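The basis for the numbers below is simple: all heavy atoms, side chains too, and nothing from hydrogens, waters or symmetry mates. What you are looking at is a predicted structure, and each value in this text was computed from that prediction instead of being measured. Whatever order the structure lists ligands and atoms in, that order sets their numbers, starting from 1.
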Amino acid sequence: MEVLIGTADIHRRIGELGKQIARDHPHGTPLLVGVLNGCIFFVADLMRAIPIPHELDFVSVSSYGSSSESSRAPRLVKDLEREIGGRDVILVEDIVDSGHTLSFLRDTLLARGPRSLRIATLLDKRERREREVPLDYVGFEVPDRFLVGYGLDFAERFRHLPYIAAIQPSELQPDPADSVPEIAR
Ligand code: IMP
Ligand code: MG
């Protein structure tokens, strides 16, 4: 496992994104829409970095399961709890890979008539894009490797790591989940 982005760098960058989001929403209360489950740490830290009132909701989209292949036919498995007509909405995602998930979500939410719809992603795996999606707030551009930590998992493992690391799924031992390296904290 190789650490690509340490905890301090993640927090510093999220601080910048939070201020940028506040500047872009001078007239109201944006609604952050976290894309479960990968968004959890990012959306929680981002909220604490946005110095204006804002609200939170979640969606969940069927995707990877326990494989590392991208989902080309995303499906909404948990919808929003509220209407978004006329609202400033910000989709909050952990990583954009092929772009299929976000482009599906973007179309789905735009059909409901928000006043604005922006996208925040912690990571952008740009080389892998198959569907173009406009990204308004990007934490870091990352290489085409399988990444875990800070919400990103491999078959539900490694999600809790406080940094972003690259792994080689084919080289994983069966049960290393409880021996995570104490690096980059
Ligand atoms: P996309 O539809 O291909 O853009 O996939 C987006 C989703 O795939 C993200 O929300 C992640 O949940 C997952 N994903 C993409 N790349 C990685 C990765 O390197 N590690 C873990 N999950 C990933
Ligand atoms: Mg995700």
Can you sort out which atoms of ligand 1 are near [X], meaning under 4.0 Å from one of its heavy atoms?
| X | answer |
| --- | --- |
| Leu147 | 18 (C), 19 (O), 20 (N), 21 (C) |
| Glu93 | 10 (O) |
| Ile95 | 6 (C), 9 (C), 10 (O), 11 (C), 14 (N), 15 (C), 16 (N), 17 (C), 23 (C) |
| Asp94 | 9 (C), 10 (O), 11 (C), 12 (O) |
| Arg145 | 19 (O) |

Mind checking whether [X] and [Y] have side chains closer than 4.5 Å, heavy atoms only?
| X | Y | answer |
| --- | --- | --- |
| Asp57 | Leu32 | no |
| Arg118 | Leu91 | no |
| Val33 | Val92 | no |
| Arg87 | Arg115 | no |
| Asp124 | Ile95 | no |

Take every heavy atom of [X], measure it against each atom of ligand 1, and state whether any distance is under 4.0 Å.
| X | value |
| --- | --- |
| Asp153 | yes |
| Gly99 | yes |
| Glu130 | no |

Taking atom types as modelled and ignoring hydrogens, do the side chains of Asp45 and Tyr150 form a donor-acceptor contact shorter than 3.5 angstrom?
yes
Kindly determine whether Glu16 and Lys19 satisfy salt bridge (Lys or Arg N to Asp or Glu O under 4.0 Å), including the steps that lead there.
CA-CA 5 Å; Glu16 294 170 358; Lys19 291 193 193 106; over 6 Å; no
Are Leu56 and Tyr137 joined in one hydrophobic group, where the rule is that I, L, V, M, F, W and Y side chains link up if heavy atoms are under 4.5 Å apart?
yes
Does Lys125 approach ligand 1 within less than 4.0 angstrom via side chain, backbone, both or neither, non-hydrogen atoms only?
side chain
Of the backbone atoms (N, CA, C, O) and the side-chain heavy atoms from C-beta on, which set of Asp97 has a member under 4.0 Å from an atom of ligand 1: side chain, backbone, both, or neither?
both
May I ask which of Val148, Thr101, Leu36, Val142 has a heavy atom nearer to atom 6 (C) of ligand 1 than the others do?
Thr101
